[in-house]
Amino acid sequence: MLVQLNNIFKWVQSGGQRIFLLKDINLEVEEGEFISIMGPSGSGKSTLLNVIGMLDAFDEGEYNFLDESVHSLKEKDRSRLYKQYIGFVFQSYHLLDDLTVQENLEMPLLYKKMKSPERKAKVADILDRFNIVAKKDLFPAQLSGGQQQLVGVARALIANPKLILADEPTGNLNSTQSKEIMELFKQLNQEGVTIVQVTHSETNAAYGSRTINLLDGRRII
Amino acid sequence: MFKNHLKIAWRSLKKQPFFTFLNTFGLAIGIAGGLLISLYIYDELSYDRMFADADRIHRIHADIKFGGEDRKFAVTPAPMAEVAQNDFSEVELAMRFRTQGSLLLRKADTEANIKELQTTFVDSTFFKMFGLDLLAGDIKTALKSPNTLILTKSAAEKHFSINDAVGQTLILDNDDSYSVTGVIDDFPQNSFLRDHTVFMAMSGYEDSRIVNWGSNNYQTYIKLIPSANVEDIQEPLRDFLGRYVIPGVQQFMPGFTEEQFKAAGNHLIYSTMPLTDIHLRSDRVAEISRNNKLQSIYILSFIAIFLLVLACVNFMNLSTAHSLKRAKEVGIRKTLGSNRGELIRQFLIESGLVSMASLVLAVILAVILLPMFNDLADKNISMPYTNPFFWLILLASGVVLGLFSGGYPAFFMSKFIPVKVLKGTSSNSLGGGKVRNALVIFQFAISVFLIIGTLVVYQQLDYIQNKDLGFSKDQVLIVNDAFSLDNNANSFKEEVKKLSYVKNATLSSFFPTPSSRSDSTFAPEEGLTDQENALSMQRWGVDFDYVSTMDFEIIAGRDFNRDFKNDSTNIIVNESAVSVIGVSPEEAIGMRYTPDFGEDNPEFFTIIGVVKDFHFSPFRAEIESLSLHLSDRAYALAIKLESGNFSNAIAGIEGIWNQIAPGQPFDYYFMEDRFNDTYQSEQRLGRIFFIFTALSILIACLGLFGLAAFNAEKRTKEIGIRKVLGASVSQISYRLSMDFLKLVGVAILISLPLGWFAMNKWLEDFSYRIEIGVWVFAVAALLAIAISIITVSYQSIKAAIVNPIKSLRTE
């Protein structure tokens, strides 16, 4: 079991009232799954994804990641955990504007304190695998949206995570680019990477092996 | 990782050239200012420390209250040195200076004189006291016999080469022959002997061997043995009054007792001061060289710290304001696995880069500005390029400044929570606004404070320069060395008076400039031996034309007059003297006083006139009692000129001089210049205040400008919405500007009372001073407001005229 959420609650206090962002969420993710989270705006999709990614805290419930109980870990250990096992893909790519494609890809490895030769090899590898060797010295602003997201996915993948969390990865892309990215995800999943994506689109959701539906912070399916 | 940090830091700085420039330039100005002031302070603190055993050398002082005057002297009686050496086992060595002012020197068998401005008699222990070596001559015999002297290198080279200086004969003031027994190196600029060039053997100075405790003319230095504590001799020094001074006076005033002396409220206290303290802590009568005030060092230190803090504050403000742009980066980095420490390190490297760049720029600025600064501060400071400590300290301060100014922004930015910043939550929630506001208030409070300081200093200077002095200092030319004309001095004066552009002329050694002094104690005819009636007065020898040339106002009695035969036994006193006596000016006429009340047949002088008080010592001091006597001995000729072409007049007078005294140097100055010299330290303070006020305002403006730009950017969306809803450009720019003006307003409220308090403290030093007017505060406040409006409005207007379609377009 990769991810196990038991009775997760998350709320904010507003005017003396609790507004629930997540309400009694139970979810299990096995290794190798490709899960799509769907639901209308404000239903808590992104919040759930952030909780899984350990970027956001929750108020009640248990979260086990690879048999470690995230809810009882210290900040430092939590950061070690997600650094090692999780890669993020964002709707607006979130590449560092000041760095070239190559340097952006290198960043997670730097934070893992990987030695230079190994780093270089990995970057070369992934550039090759994603077919973007020619783009390695360009800055994000010089790429199209689809290409930027390609780099975003490559960056998420470079440290060999067990889990990729994608928050509307195609939200800013046109349909052709969308299709390419989703095909890429499908291929990665077949290679064994576990993926959880948030999406609005039924088409994209269909790439996944199962779909979870949220409404007002509750899981309805 | 470090390389990566460096690379990113460099790129992000390069991407924001304007911001980087503001940051670097602001910091560089601060460091350059701080650097220059530090060099100045370092130089001031280094005074007299170059002498071997400087920490064991002390000067003996006298605080004397007697005859209606309360004064602190840097000089003591002639026997003090010998007595101190004999009485105290702590004293290893004692020596005296008896300064002589300027002297004319010529080589025997030549005609042309060369003037040396600062000369002095010294005891032969001079070398041992200050650890001096001779460049030429024998240290065992130099300065031992009468009529010998030693010269500094530069003084000796005016007459002969150093190697054959020893054994030569010099004629001093066309009169006495002295043989040169040694040459010493020139004294460094930061020593109290910097201007002294000629040192004559004390053994040839008769007065130095007379045991006279009544007159103070000798600068007395003692060197303690290494184990001694200077505090141990203070108490015994106080006892000198009863032990030596009173018995000395009793020789000619038998009824004089210590009890009587003290009961009359008088005192005489001998004490010591370390040699190395004198330059900054001593402001006494008859200092051997011009000292500085510790107060001005404090003021400058404050200014230096202010400047640096201002620059750092700027840096913090701009960086945190700017952090908005970096928020996304922080978020991404955190999701990619960076921890806080890593981010802090990265931002510190960035601020470190900026501070190093500023450091380089600051050194360049300082090198460029140093000559101007030297001019301003009247110094001769050079950059200590070869001193490794200088570079080490510079580098260390660069690092400290980088950490100090970069620390808060790094701490602040690394705190961003990725979920929030990546979602693009409203920038207001990023915080730091309150701290920024506080920092802006702080900057402007300092600026307003400095503006107030500048205004008050200049106002006081203006007051001094335009105050009624009681005499006319303008258009008075003083020709020195009239004594070298011997008996021709009078004919020189008469010839000069014939010139059409000369109104009047007078021969005297004393002029209303601070260097003129001749202290005497007088006693009245009635109650001669009653010391309560003693009157301490300046005794100035003048001629018949003195009062009219100086434009003194006679308020009672009459001026000296050639038609009165016995005017040589008459005196004119000033108002202060009359008020010490305790009578009205009219009543004072006819009173008789004598300066030699101890002698058998004292010579009495009758008061025939009273002049209105005039300022002859600096405004810091009260006007002292003074008497004018007729005298033939005169050092200089004061010439009152018609207004007009002075260079013409000077040329004419020099022509007459050269006819009467060929070969003698023609040396002159304008009284007004000498007068202004007295306020040099105030004027210097005024200029320094002005410059550094300007700098601090510049730095504050740089910061405000950057903040305004940031603020406008942050509120782009708000401005867009307001415009769509119908707000006009002026309404919006008013709104944006007001944000900052409120802060400036608070700053003004804080600094006004501080400025009032501090400047009143400064003015306390002056006996004659201005009152700080309300207008000073009004001007300072308005100036600050005007400057900030100008700074902010550019950005505000720029933001306000942007088309809302642009600002409201979502990503």
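Note on naming: letters A, B, ... go to the chains in the order of the sequence lines (proteins, then strands), and numbering restarts at 1 for each one. Keep in mind the model is a prediction, meaning the values are calculated, not measured.
Within 6.0 Å of atom CZ in F9(A), more than 12 heavy atoms from other residues, nucleotides or ligands are found, so the atom counts as buried in its surroundings. Atom NZ of K162(A) has 12 or fewer heavy atoms from other residues, nucleotides or ligands within 6.0 Å. Within 6.0 Å of atom CD in Q17(A), 12 or fewer heavy atoms from other residues, nucleotides or ligands are found, so the atom counts as exposed in its surroundings. More than 12 heavy atoms of other residues, nucleotides or ligands lie within 6.0 Å of CZ in R340(B), so this atom counts as buried by the packing criterion. Summarising the local packing, CZ of F20(A) is surrounded by more than 12 heavy atoms from other residues, nucleotides or ligands at distances under 6.0 Å.
The minimum heavy-atom distance linking L336(B) with K83(A) is given by the pair O-CG, 4.3 Å. Counting all heavy atoms, side chain and backbone alike, T335(B) lies closest to F90(A) at OG1-CZ, 3.7 Å.
Partners of W10(B) under the ring pair (Phe, Tyr, Trp, His ring centres under 6.0 Å) rule, at least two apart in sequence or in another chain, do not exist in this structure. Every residue was checked against the ring pair (Phe, Tyr, Trp, His ring centres under 6.0 Å) condition with F404(B), not counting sequence neighbours, and none meets it.
The side-chain heavy atoms of K15(B) and D97(A), taken from C-beta on, include a pair separated by under 4.5 Å. Annotation: side chain of L99(A) is in contact with side chain of R11(B) (closest heavy-atom distance under 4.5 Å).
With a 4.5 Å cut-off on non-hydrogen atoms, Y93(A) does not touch chain B at all. Both the backbone and the side chain of R333(B) come within contact range of chain A, each with at least one heavy atom under 4.5 Å from a heavy atom of that chain. At a 4.5 Å heavy-atom cutoff, the contact between L95(A) and chain B is made by backbone atoms alone. At a 4.5 Å heavy-atom cutoff, the contact between E103(A) and chain B is made by side-chain atoms alone. Of the two parts of R80(A), neither the backbone nor the side chain holds a non-hydrogen atom closer than 4.5 Å to a non-hydrogen atom of chain B.
Separating the NE2 atom in H94(A) from the NZ atom in K328(B) is a distance of 6.5 Å, to the nearest 0.5 Å. Taking CG of D56(A) as the reference point, atom CD1 of I417(B) lies at 8.5 Å (rounded to 0.5 Å). To the nearest 0.5 Å, atom NZ of residue K7(B) and atom OG1 of residue T100(A) are 6.5 Å apart. Within the model, atoms CD1 of I332(B) and CG of L96(A) stand 4.5 Å from one another, a figure rounded to the nearest 0.5 Å.
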